[in-house]
Visitor: 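Please read through the structure below; I'll follow up with questions.
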Amino acid sequence: MIDLTGKVALVTGGTGGIGSAICKRLAEAGARIVTTYRNRDKAVAWAAEQEFEPLLIACDVGSYEDCVRMREELEAKGLPVDIVVNNAGITRDATFKKITPEHWRQVISSDLDSVFNVSHQFVTQMTERGWGRVINIASVNGQKGCFGQTNYCAAKAGMHGFTMALALEVARKGVTVNTVSPGYIATDMVMAVREEVREQIIAQIPVGRLGRPDEIAGLVTFLSSDDAGFITGANLAANGGQHMH
Ligand code: CAA
């Protein structure tokens with residue numbers, strides 16, 4: 001039984017498919033949940049449906065200034081962050097010929113800059129307290145590439161480079177840094193892929209189905225626990241066997 005009582009977990013993009021499942025699991029293990037949002041109405045409606053009481057903070061994680069403001073808001077509330085789950089992310093899929101500089105920048109900003117912007121607020125305090133967890137939610141596509149996702153694959157592969165470098169810097173201070181690379185999970189992001197393309201993708205998954213958000217959340221909760229203290233700098237794949245290496 002994982003016990004995270006007394007820990008504060010910040011999950012970026014916690015109102016989305018995978019993020020929501022992560023918040024729920026961490027809350028069940030006893031953590032106090034903080035999540036960022038960009039759309040207030042959606043976040044308030046989401047919070048009302050939960051069996052725990054998340055703290056909602058408006059924050060564009062692609063903006064360093066917004067992340068500073070978030071840290072100040074949490075400090076003012078006396079909430080030190082012990083666990084950061086960098087989960088917020090977007091796709092802007094297009095073949096390289098059609099991709100625009102704006103689509104490139106949006107994805108790099110939301111999916112990769114955000115990992116620096118958010119982690120930079122909280123990791124030094126974790127090292128000072130001698131305990132912390134940073135968990136970066138990347139993607140199978142950052143490991144194997146994906147047709148139509150040069151922006152997303154660059155961001156997701158970059159996340160793991162960040163994981164390995166930061167893991168080295170904080171390893172002696174009780175802080176672990178890991179990447180979780182989900183495969184195709186049944187969320188709005190994956191359901192937005194054209195149906196015939198999606199069917200072709202599912203046909204390539206040995207388990208024979210899309211993953212469930214819970215299957216990612218369980219792994220994140222384990223990585224947050226004391227039992228995972230010797231796992232750092234790792235990239236844990238949860239992709240139904242679609243990519244093995
Ligand atoms: N490999 C090789 N060629 C391919 C291909 C592939 N995987 N997919 C398409 N092509 C070819 C097509 O056959 C077509 O060839 P012709 O021009 O000779 O007919 C050409 O490339 C153009 O293909 P599309 O008609 O599909 O191009 P499009 O511009 O309409 O769409 C796309 C491009 C939006 C990228 C579309 O291919 C697509 O949606 N692909 C899936 C991308 C994907 O898997 N995204 C994951 C989103 S979910 C996620 O990211 C979560 C996560 O972490 C896993």
Side-chain angles (χ1 to χ4, degrees), residues 1-2 11-26 28-29 85-96 99 107-108 110-112 115 133-164 167 176-225 227-228 230-245:
M1 176 74 182
I2 294 170
V11 181
T12 66
T15 64
I18 293 179
S20 183
I22 293 172
C23 289
K24 181 167 177 282
R25 277 291 182 97
L26 291 174
E28 283 168 2
V85 184
N86 286 306
N87 165 75
I90 60 168
T91 52
R92 293 288 179 271
D93 293 358
T95 54
F96 188 63
I99 199 168
V107 169
I108 298 297
S110 297
D111 297 16
L112 183 58
V115 175
R133 299 284 184 262
V134 178
I135 301 163
N136 297 321
I137 308 300
S139 166
V140 63
N141 291 344
Q143 299 179 295
K144 71 167 191 53
C146 175
F147 187 100
Q149 284 199 310
T150 48
N151 48 3
Y152 187 81
C153 294
K156 295 297 182 178
M159 283 174 100
H160 187 56
F162 173 96
T163 290
M164 293 187 290
T176 67
V177 187
N178 290 292
T179 301
V180 169
S181 288
Y184 283 75
I185 309 297
T187 61
D188 290 348
M189 186 185 271
V190 167
M191 297 322 268
V193 174
R194 244 182 15 237
E195 193 179 352
E196 80 261 23
V197 176
R198 199 171 60 240
E199 289 307 325
Q200 285 165 15
I201 293 167
I202 294 172
Q204 293 160 12
I205 303 174
V207 166
R209 61 169 173 85
L210 295 174
R212 293 189 302 270
D214 239 15
E215 292 171 318
I216 304 305
L219 180 53
V220 169
T221 306
F222 172 68
L223 287 173
S224 303
S225 73
D227 277 349
F230 204 54
I231 303 176
T232 196
N235 189 350
L236 292 122
N239 62 39
Q242 189 186 359
H243 179 66
M244 304 178 187
H245 67 114

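Quantities reported herein were computed from a predicted structural model and do not represent experimental measurements. The figures here come from the full heavy-atom set of this structure, side chains too, leaving out hydrogens, waters and symmetry mates.
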Visitor: Looking at V115, N86, I137, which one forms a side-chain contact (heavy atoms from CB on, under 4.5 Å) with T12?
Guide: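 Option passing the side-chain contact (heavy atoms from CB on, under 4.5 Å) with T12: N86.
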Visitor: Any pair with a residue in residues 233-245 that passes side-chain hydrogen bond (donor to acceptor under 3.5 Å, both in side chains), sequence neighbours left out, goes on the list, sorted by first then second residue, please.
Guide: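 Sorted result for residues 233-245: Q143-H245, S181-N235.
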Visitor: Does the D111 side chain pair with the main chain of I90, one donor and one acceptor, at a distance under 3.5 Å?
Guide: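 Judged by distance alone, yes, a pair lies under 3.5 Å.
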Visitor: If every non-hydrogen atom of K156 is compared with every non-hydrogen atom of G142, which pair is closest and at what distance?
Guide: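 For K156 and G142, the tightest heavy-atom pair comes out as CB-CA, 3.8 Å.
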Visitor: I need the minimum non-hydrogen distance between G13 and N87, along with the two atoms involved.
Guide: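 Where G13 meets N87 most closely, the heavy atoms are O-ND2, 3.1 Å.
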Visitor: Taking atom NZ of K144 and atom OG of S139, what is their separation to the nearest 0.5 Å?
Guide: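 That separation rounds to 8.0 Å.
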Visitor: What are the two closest heavy atoms between V11 and C23, and how far apart are they?
Guide: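 Nearest heavy atoms, V11 then C23: CB-SG, 3.8 Å.
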Visitor: To check you understand the geometry: which heavy-atom pair defines the closest contact between A29 and T221, and what is its length?
Guide: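 A29 and T221 have their closest heavy atoms at CB-CG2, 4.2 Å.
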Visitor: Working to the nearest 0.5 Å, report the span between CG of L219 and CD1 of I135.
Guide: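 One gets 8.0 Å once the value is rounded to the nearest 0.5 Å.
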Visitor: Would you check if the side chain of N141 reaches a backbone N or O of Y152 as a donor-acceptor pair within less than 3.5 Å?
Guide: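 Flag not set: sc N141 to bb Y152 has no pair under 3.5 Å.
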Visitor: State, to 0.1 Å, how close L112 and A155 come at their nearest heavy-atom pair, and which atoms those are.
Guide: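 That would be CD1-O, 3.7 Å.
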Visitor: For residues 188-197, please give each side-chain donor-acceptor pair under 3.5 Å, one per line with the distance, not counting sequence neighbours.
Guide:
from, atom 1, to, atom 2, distance (Å)
R194, NE, E196, OE2, 3.3

Visitor: Can you tell me how far apart CD1 (I201) and CD (E199) are? Round to the nearest 0.5 Å.
Guide: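 Result: 9.5 Å between the selected atoms.
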Visitor: Could you tell me the separation between the CG atom of D214 and the CD1 atom of I22, rounded to the nearest 0.5 Å?
Guide: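 Rounded to the nearest 0.5 Å, the CG-CD1 separation comes out at 10.5 Å.
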Visitor: Can you sort out the partners of R133 under salt bridge (Lys or Arg N to Asp or Glu O under 4.0 Å), two or more places apart, ordered by chain and number?
Guide: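 Counting only residues at least two positions away or on another chain, R133 forms no salt bridge (Lys or Arg N to Asp or Glu O under 4.0 Å).
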Visitor: Measure the spacing between CZ of R25 and OG of S224 and express it to the nearest 0.5 Å.
Guide: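 If we round to the nearest 0.5 Å, R25:CZ and S224:OG are 11.5 Å apart.
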Visitor: Let me confirm one number: the OG1-CD1 distance from T176 to I231, rounded to the nearest 0.5 Å.
Guide: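 Atom-to-atom, T176:OG1 and I231:CD1 are 8.0 Å apart.
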Visitor: Pick one: which of V177, V180, N178 meets side-chain contact (heavy atoms from CB on, under 4.5 Å) with N136?
Guide: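 It is V177, the one option of V177, V180, N178 that forms the side-chain contact (heavy atoms from CB on, under 4.5 Å) with N136.
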Visitor: Indicate the atoms forming the closest heavy-atom contact of F222 with I2, along with that distance.
Guide: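 Heavy-atom minimum between the residues: CA-CD1, 3.7 Å.
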